[in-house]
J.: 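Please find one structure pasted underneath; my questions will follow.
Residue numbers start from 1 in every chain, and the chains themselves are labelled A, B, ... in the order their sequence lines are given, proteins ahead of strands.
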Amino acid sequence: MNDQTQERAAQPSAAPATLARYDFAAAEPRWQAEWDRRACFAVPDVPPPDSKKYYVLEMFPYPSGKIHMGHVRNYTLGDVVARYKRARGHLVMHPMGWDAFGLPAENAARERGIHPGKWTYDNIANMRAELQRMGLSLEWAREFATCDVGYYGKQQKLFLDFWKAGLVERKESWVNWDPVDGTVLANEQVIEGRGWRSGALVEKKKLSQWFLSITKYAPELLEALDGLDRWPDRVKLMQSNWIGRSEGARVRFRLTDSKVAGTGEVEVFTTRPDTLFGMSFLAVAAEHPLAAAAASRDPHAAEFVAECRRMGTSEAVIEQAEKRGYDTGFRVAHPFLEGVSFPVWIANFVLMEYGTGAIFGCPGHDQRDMEFARKYGLTVLPVVLPPGEDPARFTLGDVAYTDDGTIFNSGFLDGLDVPAAKRRVIEELEKTGQGTGVVNWRLRDWGISRQRYWGCPIPVIHCEACGAVPVPEEQLPVVLPEDVDFSRPGNPLDHHPGWKHVACPQCGSPARRETDTCDTFVDSSWYFARFCSPGAAEPVTRPAVDAWLPVDQYIGGIEHAILHLLYSRFFTRAMKATGHLSVEEPFAGLFTQGMVQHESYKGADGRWLYPEEVEFSAAADGSRIATVKGSNEAVTIGRVEAMSKSKRNTVDPGAIIGRYGADTARWFILSDNPPDRDMEWTESGVAGAFRFTQRLWRLASGAVAGLPPAGAPFAEAAGPARKLRQATHRTIAAVTEALEGFAFNVAVARIHEFANAIGEAEGQAGAEGMGAARREALETLARLAAPMMPHLAEEVFAALNPGAAALVAQMPWPEADPELLKAETLTLAVQVLGKLRATIEVPVGESEERIFALAEAEENVQRALGGKPVKKRIHVPGRVVNLVV
RNA sequence: GCGGGCGUGGUGGAACGGUAGACACGCUGGAUUUAGGUUCCAGUGGCGCAAGCCAUGGGGGUUCGAGUCCCUCCGCCCGCACCA
């Protein structure tokens, strides 16, 4: 092989007068096919024991029909990591799949009469082709869609396993019900109290739903956040807030009216049991049983409860709403004060979902209670005395005192500080059986029931006699019926003529299938595990998941900071508890990318315009004038904001790749700014990236004819060749460091600098040893750029090594030679009193004494010293000399 | 309201407490080209003829030295929110 290359290189070949442009349209598919042919990105389900595994995963896409720039950014970032880690000697798994269940497919069915399955799989085919054009180093053999029976059937098995393990519950809960669409809506789907699709007023309805017991893992999910050291703090904080641990007490209050239905007690949760003696009322949520009891005997109470319910769940509404209440007439006894009782109110600010749905009101030390008390003329008794206040004279206005202080007016708690009083009062409550110290969590169990067709059927059969019965495992999968009717509102599974009618697996009598399907967040909660053995008969196979999990680097949008990431963490624990996995955390490293934004444009009539409908010219003052293409209609240039279909400020990745190639798109998206920030997509930026790909190709292809064969010796002596080699090896070090730190924009800048250095060295092509140095530089350039622009890297490498079999995609990462990282001389900044006055060039290893002498000899330094004696000399080797006078 | 983050040229952004503005976009001038969304060269933070001075949202502090650390104010962004 060596002879062959030498022979070719020896052939005289005149440099062409004009260099051919890099033909990305031909090169990109060719290299993609070559990677594919050599299965460069395939890994075994069970890696060899001595291999260093690395699992790179980007959040899989919903198959909406087309990829968007957010996908391009996401998958480019992941591909850089995958290609880099592969070159660093890791066995890299980098799979792709589809989060394929969900509402849009059903909407397509209703609006256009296309079956959700066909719509989804057609979209997948489109989007797969688009992703393949990006040249991603994906292992397509692992691909699956969550709507494949082969996937959701295994999910049903997990559901049954979770059920057996006590992690599934069926319970009644309040839901957002869209009466027109006949389905439950997620909170995010309720907009100003109305269904986002139907526009119907959303009702609060109590429904029997399936729940996954995520709250059982609340403590673990919170504590384990500390160990996720490669997660952004922001995400950990958001999860921590969402889980919402708070310490306090549950206190039972005895109702003084024995005629009230139920136990004759109300239980409240409080984080301030120390203020129990400052109580002036008790308040319950409108959905609380006690409110119902009041409503049943008092029409005004009933009216107030109905009003609260109508108010809906919209946050905006809640924020605006003033604190309102209704006195039920019931009273509760104080736990420690004999004969003292307080009124029970229904209050619109008490949430049934949090704590016990009931609170005790202490206006003195809770601002919200204060407002309520002032409005309804309730007592305000301070029980925490701020430091330095006189207990005899201390009073409160309209602002509650919430800080620490000394307890007073509080019987056995008097004189204690707040933490001590909390401990003491809990002790007393527990002793007298009136309450307990508890930890309360904001996290709720995860309701997964959706009244939808296009989702994973919940594998349950309802029998009159036996209740909810699991579908026997041998009857799995429960397959979605194909013949469904979308002409009626509601869940097609529910009004399917035959599907739901089955025999009870336990008693054999006629029974009914569960027609609810799983929330699609369930589907995305374990796909990363399925990728390890996508064809397995079980949900996962232990050797595969044990070897590959956790995901080493997960990459996706910040919008999933809570739900998807929290659900996946829960699932991983639940799968461990049911023997499917041995890890507890799914994602060891998480990177959250910023959004892709674009200017928005509006025509004269206020309609939104796509960027390609707009053209620009320069005004006399240099500002841009925008008009509609092909007309002189003025266009208003709007804000730069996240690309969205509604504002039409989108750019189609397919069009960009067609015009400039995938490498250009990838290069631009990486170069613009740090990947965790929002980036602006600009036409000029893409054009600049395109020019750089051409420049890189020119540098390499223009040099080929004049280069010595691979392996030619390097010149030893100092000179231009050594200088170029130093640039090469410094770039290796710098790019490596940048890639390690996700500073892809910096990696791009270093490669730009290096290309500039190679371009400058062209002028000295005749210097001794320059040929070998240039070959090394150009090959290194290609290999360092390869994670970002993989096709061009192959093309350049192949041009430099005609006939060589090696692919950059299979080559190890370049190593920087420490010898070449050393400099012969250093430039030191010379400061006087911290201000830069001169720079001096000194040989490496120069004595400090001599450096100070050189520094002080500088004319500018002398002037700055102004004849004053130097009091202190500071030398930071390789950086700076600072003279203090 | 609570929590978090961020303010650097015309723009995106670089910068282990050590020469602020790397690199790129844009712009200006020049050259080459039949042409240019081509290529090449030079310039490009502000003020100043220059020496030089001033500059990282404002003010203060720590330090020999601060874009970087601390305090404070201002502005913007994000998350959560009648959470008891």
Side-chain angles (χ1 to χ4, degrees), chain A residues 18-19 21 232-242 244 246 248-249 268-273 275 283 285 315 318-324 347-351 353-362 366-369 371-372 440-442 558-559 561-562 618 622-624 640 659-660 667-668 671-674 677-680 682-692 694-695 698 734 738 743 745-756 759 827-839 860 863 871-885:
Chain A
T18 53
L19 288 167
R21 281 194 148 202
D233 289 341
R234 188 153 72 113
V235 173
K236 288 192 276 188
L237 188 75
M238 282 163 74
Q239 292 218 348
S240 168
N241 289 341
W242 187 266
S246 63
V268 306
F269 172 71
T270 177
T271 55
R272 294 297 302 275
T275 63
E315 281 168 23
I318 289 170
E319 195 175 355
Q320 305 294 323
E322 61 175 319
K323 287 166 187 43
R324 294 181 53 215
N348 65 348
F349 63 85
V350 180
L351 305 174
E353 297 81 39
Y354 189 79
T356 61
I359 62 159
F360 83 79
C362 174
D366 181 289
Q367 188 55 36
R368 193 195 37 208
D369 294 347
E371 286 166 31
F372 193 76
N440 193 60
W441 303 86
R442 186 183 170 279
I558 186 77
E559 66 273 20
I562 296 173
S623 66
R624 288 181 310 153
V640 174
R659 196 156 163 203
Y660 296 105
W667 189 254
F668 171 58
S671 66
D672 191 57
N673 65 356
R677 290 194 213 168
D678 292 347
M679 71 165 291
E680 185 189 354
T682 60
E683 188 64 19
S684 58
V686 189
F690 179 72
R691 282 199 298 272
F692 185 70
Q694 293 296 343
R695 174 165 149 75
R698 267 198 317 278
N745 56 325
V746 179
V748 164
R750 297 291 167 254
I751 288 171
H752 270 286
E753 282 177 77
F754 186 35
N756 291 342
T827 308
L828 292 180
V830 182
Q831 300 174 337
V832 177
L833 286 169
K835 276 193 185 288
L836 181 72
R837 296 299 172 183
T839 56
N860 274 348
R863 191 164 42 228
K871 278 194 277 195
K872 191 174 174 188
R873 296 176 175 84
I874 291 145
H875 173 221
V876 183
R879 293 273 179 191
V880 76
V881 170
N882 193 9
L883 305 173
V884 184
V885 289

J.: Across the strands shown, which category fits A/V876 at heavy-atom distances under 4.0 angstrom: base, sugar-phosphate, nothing?
T.: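 Base: the residue A/V876, judged by heavy atoms under 4.0 Å, touches a nucleobase.
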J.: Indicate whether OP1 or OP2 belonging to B/rG52 is found under 4.0 Å from a side-chain N or O atom of A/R863.
T.: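 Checking A/R863 against B/rG52: at least one side-chain N or O falls below 4.0 Å of OP1 or OP2.
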J.: Between A/E753 and A/R750, does any side-chain N to carboxylate O distance fall below 4.0 Å?
T.: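 Salt bridge between A/E753 and A/R750, a charged N being under 4.0 Å from a carboxylate O: yes.
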J.: Figure out the CZ/C1' separation between A/R698 and B/rU39, and round it to whole Å.
T.: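 One finds 6 Å between C1' of B/rU39 and CZ of A/R698, rounded.
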J.: Would you mind reading off the distance between A/E559 atom CD and B/rC78 atom P, rounded to a whole angstrom?
T.: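 Interatomic distance, CD of A/E559 to P of B/rC78: 14 Å.
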J.: Establish, with yes or no, whether the OP1 or OP2 oxygen of B/rU19 is under 4.0 angstrom from a side-chain nitrogen or oxygen of A/R837.
T.: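 So the side-chain polar atoms of A/R837 never come under 4.0 Å of the phosphate oxygens OP1 or OP2 of B/rU19.
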J.: Paired with B/rA24 by Watson-Crick or G-U wobble geometry, both distances under 3.5 Å: which nucleotide is it?
T.: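 Here B/rA24 is engaged in a pair, and the nucleotide opposite it is B/rU11.
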J.: Between the protein and nucleotides 43-47 of chain B, are there any N/O to N/O pairs under 3.5 Å, and if so, what are the atom names and distances?
T.:
none

J.: Heavy-atom count check: over 12 atoms from other residues, nucleotides or ligands less than 6.0 Å from A/R873 CZ?
T.: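 Check passes, neighbour count above 12.
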J.: Taking the side chain of A/W242 as its heavy atoms from C-beta onward, which of B/rA81, B/rG18, B/rC83 lies nearest to it?
T.: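 Taking heavy atoms from C-beta onward, the closest nucleotide is B/rA81.
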J.: Contact class for A/Q831 (heavy atom, under 4.0 Å): base, sugar-phosphate, or nothing?
T.: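 The residue A/Q831 makes base contact.
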J.: Is the phosphate of B/rC82 approached by A/K323 (side-chain N or O, under 4.0 Å from OP1 or OP2)?
T.: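 Checking A/K323 against B/rC82: no side-chain N or O falls below 4.0 Å of OP1 or OP2.
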J.: Under a 3.5 Å limit for both distances, which nucleotide forms a Watson-Crick or G-U wobble pair with B/rU39, could you say?
T.: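 For B/rU39, the partner nucleotide comes out as B/rA31, under the 3.5 Å rule.
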J.: Among B/rG18, B/rC64, B/rC82, find the nucleotide with the atom closest to the side chain of A/L351.
T.: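 Looking only at heavy atoms from C-beta outward on A/L351, the closest nucleotide is B/rC82.
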J.: B/rC80, B/rG4, B/rC82: which one has an atom nearest the side-chain heavy atoms of A/R442?
T.: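 It is B/rC80.
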J.: With a 3.5 angstrom cut-off on both distances, give the Watson-Crick or G-U wobble partner of B/rC69, or none if there isn't one.
T.: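 B/rG61 - that is the nucleotide pairing with B/rC69, both distances being under 3.5 Å.
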J.: Measure from the side-chain heavy atoms of A/T839 and tell me the nearest of B/rG52, B/rU19, B/rC64.
T.: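 Nearest to the side-chain atoms of A/T839, counting from C-beta on, is B/rU19.
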J.: What is the separation between atom CG on A/D369 and atom P on B/rA84, rounded to the nearest whole Å?
T.: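 To the nearest whole Å, that distance equals 11 Å.
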J.: Give the minimum heavy-atom separation between A/W667 and A/A689, together with the two atoms involved.
T.: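 Smallest interatomic distance, heavy atoms only, reads CD1-CB, 3.8 Å.
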J.: Go nucleotide by nucleotide along RNA chain B from the 5' end; which of A/G357 and A/T827 gets its closest nucleotide reached first?
T.: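 Looking at RNA chain B, the more 5' nearest nucleotide goes with A/T827.
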J.: Closest heavy-atom contact between A/A738 and A/A747?
T.: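 Nearest heavy atoms, A/A738 then A/A747: CB-N, 3.6 Å.
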J.: Taking all non-hydrogen atoms of both residues into account, name the closest pair between A/A561 and A/Q239 and its distance.
T.: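 Smallest interatomic distance, heavy atoms only, reads O-NE2, 3.0 Å.
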J.: Indicate, with a heavy-atom threshold strictly under 4.0 Å, whether A/R234 touches base, sugar-phosphate, or nothing.
T.: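 Touches sugar-phosphate only.
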J.: Given B/rU19, is OP1 or OP2 found less than 4.0 Å from the side-chain N or O atoms of A/N882?
T.: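 No, no such contact exists.
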J.: Please classify the glycosidic conformation of B/rG9 as syn (within 90° of 0) or anti (everything else).
T.: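 Syn, since the glycosidic angle lies within 90° of 0.
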J.: So, the side chain of A/N673 versus the backbone of A/D678: is there a donor-acceptor pair under 3.5 Å, distance only?
T.: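 Indeed, once roles are kept as given, a pair shorter than 3.5 Å links the two residues.
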J.: Is it the case that the side chain of A/N348 and the backbone of A/R324 share a donor-acceptor pair, with hydrogens and angles ignored and the cut-off at 3.5 Å?
T.: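 Yes: the side chain of A/N348 pairs with the backbone of A/R324.
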J.: Among B/rA20, B/rC16, B/rA84, which nucleotide sits nearest the side chain of A/L836?
T.: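 My answer, after comparing the listed nucleotides, is B/rA20.
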J.: Show your reasoning for whether side chain to side chain contact (heavy atoms under 4.5 Å, CB included) applies to A/F360 and A/D369.
T.: CA-CA 9 Å; A/F360 83 79; A/D369 294 347; over 6 Å; no
J.: Which one is paired to B/rC76, where only Watson-Crick or G-U wobble pairs with both distances under 3.5 angstrom count?
T.: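 Across all strands, the one nucleotide that pairs with B/rC76 is B/rG5.
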J.: To the nearest angstrom, how far is A/E371 atom CD from B/rA81 atom P?
T.: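 Spelled out: CD on A/E371 to P on B/rA81 is 19 Å.
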J.: Expressed as a whole number of angstroms, how long is the span from A/R272:CZ to B/rA84:P?
T.: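 That distance rounds to 11 Å.
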J.: Heavy-atom nearest nucleotide on RNA chain B for A/E353 versus A/V880: which residue maps closer to 5'?
T.: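 By nearest-heavy-atom nucleotide position, the 5'-most residue is A/V880.
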J.: Would a 4.5 Å heavy-atom cut-off, applied to side chains only, mark A/N860 and A/R863 as touching?
T.: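 A/N860 vs A/R863: side chains touch.
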J.: How long is the line joining CD1 of A/I562 and C1' of B/rA81, in whole Å?
T.: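 Rounded to whole Å, this separation is 12 Å.
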J.: What heavy-atom pair brings A/T839 and A/A829 nearest, and what distance separates the two atoms?
T.: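 Nearest pair, atom of A/T839 first, then A/A829: CG2-CA, 4.3 Å.
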J.: Taking the same atom, P, in B/rC78 and in B/rG29, what whole-Å distance lies between them?
T.: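 Each nucleotide's P atom is 40 Å from the other's.
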J.: Pairs under 3.5 angstrom, nitrogen or oxygen only, protein versus nucleotides 11-15 of chain B, please.
T.:
from   : atom 1 : to     : atom 2 : distance (Å)
B/rG12 : O2'    : A/D672 : O      : 2.7
B/rG12 : O2'    : A/D672 : OD2    : 3.3
B/rG13 : O3'    : A/N745 : ND2    : 3.3
B/rA14 : OP1    : A/N745 : ND2    : 3.4

J.: Search all heavy atoms of A/F269 against all heavy atoms of A/T356 and return the closest pair with its distance.
T.: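 Closest heavy-atom pair between A/F269 and A/T356: N-OG1, 3.4 Å.
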J.: Measure from the side-chain heavy atoms of A/R368 and tell me the nearest of B/rG3, B/rA84, B/rC16.
T.: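 When the side chain of A/R368 is considered, B/rA84 is the closest of B/rG3, B/rA84, B/rC16.
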J.: Within the structure, does a side-chain N or O atom of A/R691 lie under 4.0 Å from either OP1 or OP2 of B/rG26?
T.: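 Yes, within the criterion.
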J.: Using atom CG of A/L237 as one end and atom P of B/rC2 as the other, report the distance to the nearest whole Å.
T.: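 Whole-Å distance recorded here is 15 Å.
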J.: What is the pairing partner of B/rA84, taking Watson-Crick or G-U wobble pairs with both distances under 3.5 Å in any strand?
T.: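 WC or wobble partner does not exist here.
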J.: Counting any heavy atom closer than 4.0 Å, what does A/V350 reach on the DNA or RNA strands: base, sugar-phosphate only, or nothing?
T.: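 Since a base atom lies under 4.0 Å of A/V350, the category is base.
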J.: Can you tell if the side chain of A/L828 reaches within under 4.5 Å of the side chain of A/V880, non-hydrogen atoms only?
T.: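 A/L828 does not reach A/V880 side chain to side chain.
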J.: Given the C1' atoms of B/rA55 and B/rG1, what is the spacing between them in whole Å?
T.: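 Approximately 38 Å lies between the C1' atom of B/rA55 and that of B/rG1.
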J.: To the side chain of A/R879, which of B/rC83, B/rG18, B/rG52 is closest?
T.: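 When the side chain of A/R879 is considered, B/rG18 is the closest of B/rC83, B/rG18, B/rG52.
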J.: Which nucleotide, if any, forms a Watson-Crick or G-U wobble pair with B/rG48, using both distances under 3.5 Å?
T.: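 WC or wobble partner does not exist here.
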J.: Looking across every strand, which nucleic acid part, if any, lies under 4.0 Å from A/K835 by heavy atom: base, sugar-phosphate, or nothing?
T.: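 The residue A/K835 makes sugar-phosphate contact but no base contact.
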J.: Could you state the atom-to-atom distance from CG of A/D366 to P of B/rC2 in whole Å?
T.: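 After rounding, the reported distance stands at 14 Å.
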J.: More than 12 foreign heavy atoms under 6.0 Å from CZ of A/R442: is that the case here?
T.: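 Yes, CZ of A/R442 has more than 12 neighbouring heavy atoms, counting only those of other groups under 6.0 Å.
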